[in-house]
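One-based numbering along the sequence shown.
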Amino acid sequence: MTKYLHTMIRVSDPDATIRFFSLIGLEEVRRIESEKGRFTLIFLAAPGEEGIAEVELTYNWPAEDGSAETYGGGRNFGHLAYRVDDIYATCQALMDAGVTINRPPRDGHMAFVRSPDGISVELLQDGHLAPAEPWASMPNTGVW
């Protein structure tokens, strides 16, 4: 039997990434700190999805000299996808927090945004909402 456990993404600012994912309803469910390995693992899940569908944020601590690795190209692994109750309200909350809506929910069903580290996140409406402004005429911004 195969069971989905989690998707891991490397992050450069755990607090910013946790804030981003909290805007779409994910919460921290556990954290593991490794002093010896110099990393922190933070697991996030939607309420009720703990242990079922999680995102693992991996934060590699800066080197002793203060230098830190940089990670790019979040799009190259694909994207994370989450079903939301109200895609318009979710996108508005993200915009109000300064997040760019790269692919607005013009169709009332699908939108794309990026995490602070450039990870592509797809938002899918539970069901389907009628197209509505300002989303219906909002252009794409950047890539997702």
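- Hydrophobic clustering (ILVMFWY, side-chain heavy atoms < 4.5 Å, transitive): Tyr88 and Val121 are in one cluster.
- Residues Ser34 and Trp61 come closest through the heavy atom pair O-CH2, 3.7 Å.
- Asp107 places a side-chain N or O within donor-acceptor distance of the main-chain N or O of His109, the cut-off being under 3.5 Å.
- For CD of Glu35, the number of neighbouring non-hydrogen atoms (other residues, nucleotides, ligands) closer than 6.0 Å is 12 at most.
- You'll find the side chain of Trp135 reaches within 4.5 Å of the side chain of Ile101, heavy atoms only.
- When all heavy atoms of Ala53 and Ala45 are compared, the closest pair comes out as O-CB, 3.8 Å.
- Proximity of Thr40 to Pro14: side-chain heavy atoms (C-beta onward) are nowhere separated by under 4.5 Å.
- Val29 and Val11 fall into different hydrophobic clusters, where Ile, Leu, Val, Met, Phe, Trp and Tyr residues are linked whenever their side-chain heavy atoms come under 4.5 Å apart, directly or through other members.
- In terms of heavy-atom proximity, Pro47 sits nearest to Gly25 at CD-O, 3.3 Å.
- A distance-only check finds a donor-acceptor pair linking the side chain of Glu50 to the backbone of Gly48 [under 3.5 Å].
- Distance CG/Leu57 to CZ/Arg31: 9.0 Å, rounded to 0.5 Å.
- Taking a 6.0 Å sphere around CG of Asp96, one finds it holds more than 12 heavy atoms contributed by other residues, nucleotides or ligands.
- Counting heavy atoms from C-beta on, the side chains of Ile42 and Tyr59 never come closer than 4.5 Å.
- The backbone N or O of Phe39 sits nowhere less than 3.5 Å from a side-chain atom of Glu33 that would complete a donor-acceptor pair.
- Proximity of a side-chain donor or acceptor of Gln125 to a complementary backbone N or O of Ile87 within less than 3.5 Å is detected.
- Ile9 and Phe43 fall into different hydrophobic clusters, where Ile, Leu, Val, Met, Phe, Trp and Tyr residues are linked whenever their side-chain heavy atoms come under 4.5 Å apart, directly or through other members.
- Other residues, nucleotides and ligands contribute over 12 non-hydrogen atoms within 6.0 Å of the CZ atom of Arg38.
- The side-chain heavy atoms of Phe21 and Leu80, taken from C-beta on, include a pair separated by under 4.5 Å.
- Separation of atoms CG (Leu44) and OG1 (Thr17) is listed at 9.0 Å; rounding is to 0.5 Å.
- With Arg114 contributing its side chain and Asn102 its backbone, the two residues share no donor-acceptor pair below 3.5 Å.
- Note: Leu124 CG to Glu122 CD = 4.0 Å, rounded to the nearest 0.5 Å.
- Rounded to the nearest 0.5 angstrom, Arg103 CZ and Leu123 CG are separated by 11.0 Å.
- Atom CZ of residue Phe112 and atom NE2 of residue His79 lie 4.5 Å apart, to the nearest 0.5 angstrom.
- Residues Asp117 and Arg10 have side chains not in contact (no heavy-atom distance under 4.5 Å, counting atoms from C-beta outward).
- A donor-acceptor pair is defined here as one N or O able to donate and one able to accept, closer than 3.5 Å; such a pair exists between the side chain of Arg106 and the backbone of Met138.
- For the atom pair CG of Asn60 and CG of Leu41, the computed distance is 8.5 Å after rounding to the nearest 0.5 Å.
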